[in-house]
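Notes follow the structure.
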Number of protein chains: 2
Amino acid sequence: MVKDKNTEQRIFDAARIVFQQKGLAGARMQEIADEAGINKALLHYYYRSKEKLFEAIFNEVFSNIVLGLQNLFSKEMGILERFHAIVEIYIDNLLKNPHIPLFVINEINQNPEKIISILNDKVVIHMKNFLIQMYQEMNEGKIKKVDPFQLLMSVIGMIIFPFAVFPAIKGIAAKNQMPVETFLQDRKQIIIGYIENILKP
Amino acid sequence: MVKDKNTEQRIFDAARIVFQQKGLAGARMQEIADEAGINKALLHYYYRSKEKLFEAIFNEVFSNIVLGLQNLFSKEMGILERFHAIVEIYIDNLLKNPHIPLFVINEINQNPEKIISILNDKVVIHMKNFLIQMYQEMNEGKIKKVDPFQLLMSVIGMIIFPFAVFPAIKGIAAKNQMPVETFLQDRKQIIIGYIENILKP
DNA sequence: GTCTATAAGTAGATAGAC
DNA sequence: GTCTATCTACTTATAGAC
């Protein structure tokens with residue numbers, strides 16, 4: 001039995017929008033159906049339950065993030081270059097999907113075991129290689145000696161935080177007659193500058 | 001008519017715990033009642049509705065944050081000293097209440113107008129003075145020339161992000177046999193070090 | 001596959017006894 | 001003030017026609 005790709009995809013896209021804005025508990029199946037332009041019953045026809053629909057969305061979103069991380073950490077490049085890539089690629093991606101951080105952060109808090117096990121399975125290896133590379137470059141005197149994990153956490157925090165409070169940033173930006181996109185675009189070079197200040201020997 | 005402070009306070013504390021963990025939509029009045037060790041009907045006796053109870057909690061939490069900001073920005077001190085204080089005080093406070101960041105971030109996203117108007121009324125003035133002070137010290141050559149707002153956003157991001165993904169950090173820390181509290185305590189000096197690197201002329 | 005109508009379950013809110 | 005019992009509304013989920 002072949003599924004109608006069009007309808008299924010429309011449901012999927014609608015669900016992603018609603019779940020990202022309202023979260024699992026706050027979303028309504030009716031709202032998703034309206035957003036998809038179809039009837040509520042069809043949601044259950046394609047995805048048996050609200051939970052299953054949510055899981056389908058989350059898995060797609062999160063596996064994209066994991067793929068992005070794997071990609072960033074598997075390529076051969078120096079540490080500064082790598083941080084440069086992390087900042088550029090993530091801010092560009094988040095500008096296209098500013099709701100993703102809060103969506104993922106909420107799931108981390110509601111369902112930590114699931115996320116931790118995925119991270120352990122698919123990300124930790126790359127993370128370890130990254131840490132090893134940092135220690136190498138530190139010993140070679142290419143970069144200053146710092147705690148690699150703390151730095152990584154800091155960089156991710158600087159990247160993600162403005163998106164987690166996006167509406168507030170937007171409000172503040174509007175008050176200063178600056179498009180929020182400009183603020184976030186500028187941020188790329190600024191964060192990279194910080195990292196260079198921190199790491200340059 | 002005098003309210004029974006004990007019961008009201010127990011409801012309030014229980015509601016804070018449940019709302020912070022589950023959010024407005026995810027929380028159940030029954031769960032709050034259980035947590036408070038009283039009956040569901042009493043919740044409505046003290047706070048007319050779920051929404052009103054949530055608002056009471058949020059207002060208390062958020063006004064504490066605003067007070068903290070006002071306090072930090074009103075005291076006379078140099079810029080580096082001020083950043084030092086921001087980092088120390090916020091990490092210490094968040095270690096006591098690690099759920100607050102996500103709680104506030106969610107409300108920022110669900111109810112941005114309310115938060116923006118409070119910020120405009122009570123925080124923007126202090127923020128402006130802070131920016132003025134930064135420009136002064138930059139012109140005097142005490143610190144390097146940087147975008148003050150971007151730096152502030154970065155510092156706040158570095159402070160708050162680990163708490164927003166607390167369960168994940170905890171999981172990773174556990175895997176490395178390190179208490180998450182140690183990781184976050186260490187972070188204070190590390191972030192302050194970053195800021196000095198960024199601002200030292 | 002898609003719809004309408006409806007069932008079944010849940011959650012917030014209230015009535016009324018004590 | 002506090003409880004039990006109940007009401008009402010909403011939401012997910014299903015049955016069944018087309």
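Here is the naming used below: chain letters follow the sequence lines, and residue numbers restart at 1 for every chain. These numbers come from a predicted model, not from an experiment.
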* Drop me the distance from A:Ile118's CD1 to A:Phe62's CZ, to the nearest 0.5 angstrom. => 5.5 Å
* May I have the distance from B:Asp34 (atom CG) to D:dC3 (atom P), rounded to whole angstrom? => 12 Å
* Between C1' of C:dA11 and CG of B:Leu24, the distance in whole Å -> 13 Å
* Asked: Could you state the CD-P distance from A:Glu51 to C:dT10, rounded to the nearest angstrom?
  -> 12 Å
* Could you give the OH-to-C1' distance, from A:Tyr45 to D:dA15, as a whole number of Å? -> 15 Å
* To do: Take atom CG of A:Asn6 and atom C1' of C:dT2, then tell me their distance rounded to the nearest Å.
  => 14 Å
* To do: Count the heavy atoms belonging to other residues, nucleotides or ligands that lie under 6.0 Å from NZ of B:Lys144, then report whether that count exceeds 12.
  => yes
* Scan A:Ala25 against the nucleic acid and name what it touches under 4.0 Å (heavy atoms): base, sugar-phosphate only, or nothing. => nothing
* Where the side chain of B:Thr7 is defined as all heavy atoms beyond and including C-beta, which of D:dA13, D:dT2, C:dG1 is the nearest nucleotide? -> D:dT2
Protein-nucleotides 4-10 of chain D N/O pairs closer than 3.5 Å?
from, atom 1, to, atom 2, distance (Å)
D:dT4, OP2, B:Asn39, ND2, 2.9

* To do: Determine whether the aromatic ring centres of B:Phe54 and B:Phe103 lie less than 6.0 Å apart.
  => yes
* From C:dA13, D:dC3, D:dA13, nucleotide with atom closest to B:Lys50 side chain -> C:dA13
* Structure fact -> From the list B:Ile91, B:Leu95, B:Val180, side-chain contact (heavy atoms from CB on, under 4.5 Å) partner of B:Gln185 resolves to B:Leu95
* Looking at A:His44, does any N or O in its side chain come under 4.0 Å of the phosphate oxygens OP1/OP2 on D:dA13? -> yes
* Asked: Ring centres of A:Phe58 and A:Phe19 under 6.0 Å apart?
  -> no
* **From NE2 (B:His84) to CD1 (B:Ile89), nearest 0.5 Å** => 9.5 Å
* To do: Look at all strands and tell whether B:Ala27 reaches a base, only sugar-phosphate, or nothing, counting heavy atoms closer than 4.0 Å.
  => sugar-phosphate
* Structure fact -> When rounded to the nearest 0.5 Å, the distance separating OH of B:Tyr90 from CZ of B:Phe163 is 12.5 Å
* Quickly work out the A:Phe19 CZ to D:dT11 P distance and round it to whole Å. => 14 Å
* To do: Ignoring backbone atoms, establish whether A:Tyr46 has a side-chain N or O less than 4.0 Å from OP1 or OP2 of C:dT2.
  => yes
* Asked: Over how many whole Å does the gap from A:Arg48 atom CZ to D:dT11 atom P extend?
  -> 22 Å
* Structure fact -> B:Leu42 CG to C:dT14 C1', in whole Å, measures 13 Å
